[in-house]
Asker: 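Before I ask anything, let me first share the structure, which is written out below as structure tokens.
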Amino acid sequence: MLSQPKRRPIAIGLAIASTVLPLSGLHKFYLGQPIWGIVYLLLSWTPIPKIASLMEAVWYFLQTATEFHSRFNALELSAPLTSVSSANAVQAIADALRQLESLRQEGLISEYEFEQKRRQLLKSTP
């Protein structure tokens, strides 16, 4: 599930389910944010994660498909590296790493998420 693109309707459904189920944060695990998922689970005895999950469901709903894709699937390469020449593959990975670094510097992803995606990109080098 980690390598498949994340889908907005599933994220919305899991966020809504997190508001009624005893276990909160299901959508965070689905979206590849396990630390936030654990925080939601630890706080599941309070109303805080349920309110946050509901707000996030609305937020996901209000995003366009393109916005959702760029936020949660931004670093997936559109073509497998085997079908691209080696120079183009290296350039694509370098561009993705630059984009990843800018997301980290802007505070849009955590250091942990940055490191996970960076390792994933470097594993895919030709």
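Numbers for residues simply follow the sequence, beginning at 1.
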Asker: Please enumerate all residues that pass side chain to side chain contact (heavy atoms under 4.5 Å, CB included) together with Ile35, with sequence neighbours excluded.
Answerer: Tyr112
Asker: Not counting sequence neighbours, list each pair that qualifies as a ring pair (Phe, Tyr, Trp, His ring centres under 6.0 Å) and has a residue in residues 7-28.
Answerer: His27-Tyr40
Asker: Taking only Lys NZ, Arg NE, NH1 and NH2, and the carboxylate oxygens of Asp or Glu, determine whether Arg71 and Glu67 approach each other closer than 4.0 Å.
Answerer: no
Asker: Quick check for you: to the nearest 0.5 Å, what is the distance between Tyr60 atom OH and Leu31 atom CG?
Answerer: 4.5 Å
Asker: When you compare the side chain of Lys50 with that of Ser18, does any pair of heavy atoms fall below 4.5 Å?
Answerer: no
Asker: Following the transitive rule for hydrophobic clusters with a side-chain heavy-atom cut-off under 4.5 Å over Ile, Leu, Val, Met, Phe, Trp and Tyr, establish whether Trp59 and Phe68 coincide in one cluster.
Answerer: yes
Asker: Rounded to the nearest 0.5 Å, what separation is found between the CD1 atom of Ile48 and the OG atom of Ser53?
Answerer: 11.5 Å
Asker: May I ask you to test the Val20-Ile16 pair for a side-chain heavy-atom distance under 4.5 Å?
Answerer: no
Asker: Please enumerate all residues that pass side-chain hydrogen bond (donor to acceptor under 3.5 Å, both in side chains) together with Glu106, with sequence neighbours excluded.
Answerer: none
Asker: Got Thr19 and Ile51 here, is their nearest side-chain heavy-atom distance under 4.5 Å?
Answerer: no
Asker: Give a yes or no on whether a salt bridge exists between Glu101 and Arg98, defined as a side-chain N under 4.0 angstrom from a carboxylate O.
Answerer: no
Asker: Taking atom types as modelled and ignoring hydrogens, do the side chains of Gln116 and Gln120 form a donor-acceptor contact shorter than 3.5 angstrom?
Answerer: no
Asker: Counting only heavy atoms from other residues, nucleotides and ligands, does the tally under 6.0 Å from CZ of Arg104 exceed 12?
Answerer: yes
Asker: Between Lys28 and Glu56, does any NZ, NE, NH1 or NH2 come within less than 4.0 Å of an OD or OE carboxylate oxygen?
Answerer: yes
Asker: State whether the side chain of Arg8 and the backbone N or O of Gln63 hold a donor-acceptor pair below 3.5 Å, judged by distance alone.
Answerer: yes
Asker: Is there a side-chain contact between Tyr30 and Arg7 in this structure, where contact means two heavy atoms from C-beta onward sitting under 4.5 Å apart?
Answerer: yes
Asker: Does the side chain of Lys6 reach to within under 4.5 Å of the side chain of Ile10, using non-hydrogen atoms?
Answerer: no
Asker: State yes or no: do Phe29 and Val39 share one hydrophobic cluster built from I, L, V, M, F, W and Y residues joined by side-chain heavy-atom distances below 4.5 Å, directly or via other members?
Answerer: no
